[in-house]
Number of protein chains: 2
Amino acid sequence: MAATRKSATPAPGCRPEDHPRASPRVPPVGAASLERAARLFRAIGDPPRLHLLALLAQGEACVTELAANQREELSTISQRLRVLRAENIVARRREGKHILYSLADQHIVDLVFNALAHASERPPDIPASPPMKERGKHA
Amino acid sequence: MAATRKSATPAPGCRPEDHPRASPRVPPVGAASLERAARLFRAIGDPPRLHLLALLAQGEACVTELAANQREELSTISQRLRVLRAENIVARRREGKHILYSLADQHIVDLVFNALAHASERPPDIPASPPMKERGKHA
DNA sequence: TGGTTAGTTGAACAGTTGATGAAGTGATGG
DNA sequence: CCATCACTTCATCAACTGTTCAACTAACCA
């Protein structure tokens, strides 16, 4: 999110009849759900933070360990963890002088594993599609 | 991403022996995979863009339709779609005067549905954990 | 051919984010 | 009780992101 000015579309220049589509038989998604899902994705949508999650997917770890692993300062890691904590992605518990972090629930574990597995398979996505010219029918 | 200065941790103050953990029996994640997975998540980690995906999950739609639905300008929608396109999250094809967008593959469809379903279930996450005080053992 | 509709692209600005050093907090150790 | 370790929080600042307006391009229609 960055700028957030608003206005709106003046009027739909084309009508639904112009191009009938599939079944709109899906309930409208609540704005709150969208918001929460997006916040979750955004939190893990940062390489350093996702790396942290990948490390935690291997088991609990204290902040110092994580910092050593990422070659970063404690405070930097702590800030990253703060973001993840704000979305309930990670859990923490104190163990003596250390604070051990872990992934908050199985859903997160799955999400992280799936994402990494998928990303390891898919080719690097070089081109990003040319300006588009032809009338490409669905085939 | 914002600031990107660097330095590094001076030295790990605590050793692994200090707090033995589970099995580190997971191969180290490639930096490239992390990067790609993070880019994907970041692209969908924005309410307006996720909303677009939710709409596309119901079927193909042209830019004007999407704009009308979100009450935004064409150009705004187009820019959002550009971001999604850059990560190969959506596909487009021309149909006469219109350009129809759709979700690029089943993986994305699943991701969107799962995210929204999950977000609809989970409570709004109000507290975000107090300053932490007690020595919370795993119970 | 010119006009209109549909969409894309570019530049600029405002708002947000993340890293960092310094200062603060909480446990533990001596 | 004071020092130290392990973090967390704060303020700051540079870098990035998203929206918007103003061109610009592509199809289609008269």
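Every chain is numbered from 1, with letters handed out A, B, ... down the list of sequences. Everything quoted here is computed from the prediction, not taken from an experiment.
- Look at CD on Gln79(A): it is 11 Å from C1' on dG21(C), rounded to the nearest Å.
- Between Arg80(A) atom CZ and dT17(C) atom P the separation is 16 Å, expressed in whole Å.
- Relative to the side chain of Arg92(A), the nucleotides dT20(D), dC7(D), dT8(D) differ in distance, and dT8(D) lies closest.
- Across the protein-nucleic acid pair, Glu87(A) atom CD and dT17(C) atom P stand 11 Å apart, rounded to whole Å.
- The Arg49(A) side chain lies nearest to dG18(C) when the options are dT20(C), dC7(D), dG18(C).
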The test is side chain to side chain donor-acceptor pair (under 3.5 Å); show your working for Glu65(A) and Asn69(A) and say whether it passes. CA-CA 6 Å; Glu65(A) 277 181 293; Asn69(A) 198 305; over 6 Å; no
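- Contact check, Arg94(A) against dT28(C): no side-chain N or O comes under 4.0 Å of OP1 or OP2.
- A close approach under 4.0 Å does occur between a side-chain nitrogen or oxygen of Tyr101(B) and OP1 or OP2 of dT8(C).
- Per the geometry, CG belonging to Asp46(A) stands 18 Å off P belonging to dT16(C), to the nearest Å.
- Taking each heavy atom of Val90(A) and Leu81(A) in turn, the nearest pair found is CG2-O, 4.2 Å.
- Between Ser78(A) and dT8(D), a side-chain N or O to OP1/OP2 separation shorter than 4.0 Å is present.
- Distance CD (Glu73(A)) to C1' (dA23(C)): 15 Å, rounded to an integer number of Å.
- Checking dT28(C), dT19(D), dC7(D) against every side-chain atom of Leu74(A), the shortest atom distance belongs to dC7(D).
- A close approach under 4.0 Å does occur between a side-chain nitrogen or oxygen of His98(A) and OP1 or OP2 of dC7(D).
- In this structure, Ile99(A) places its CD1 atom 9 Å from C1' of dG26(C), rounding to the nearest Å.
- Proximity note for Val63(B) (side chain, C-beta onward) versus dT8(C), dG18(C), dT20(D): the nearest is dT8(C).
- Taking atom CZ of Arg82(A) as the reference point, atom C1' of dA19(C) lies 12 Å away to the nearest angstrom.
- Under the 4.5 Å side-chain heavy-atom criterion for Ile, Leu, Val, Met, Phe, Trp and Tyr, Val112(B) and Phe41(B) are members of the same hydrophobic cluster.
- A straight line from CZ of Arg42(A) to P of dT17(D) spans 10 Å, rounded to a whole angstrom.
- For the OP1/OP2 pair of dT20(C) and a distance below 4.0 Å, the side-chain nitrogens and oxygens of Thr76(A) include at least one atom meeting the criterion.
- Between Pro47(B) and Leu34(A), the closest heavy-atom pair is O-CD2, 4.3 Å.
- Minimum atom distance to the side chain of Pro48(A) is reached by dA19(C), of the listed dA19(C), dT9(C), dA6(C).
- Between Ala43(A) and Leu84(A), the shortest heavy-atom contact is O-CD2, 3.9 Å.
- The Ser75(A) side chain lies nearest to dT9(D) when the options are dT9(D), dC28(D), dT20(D).
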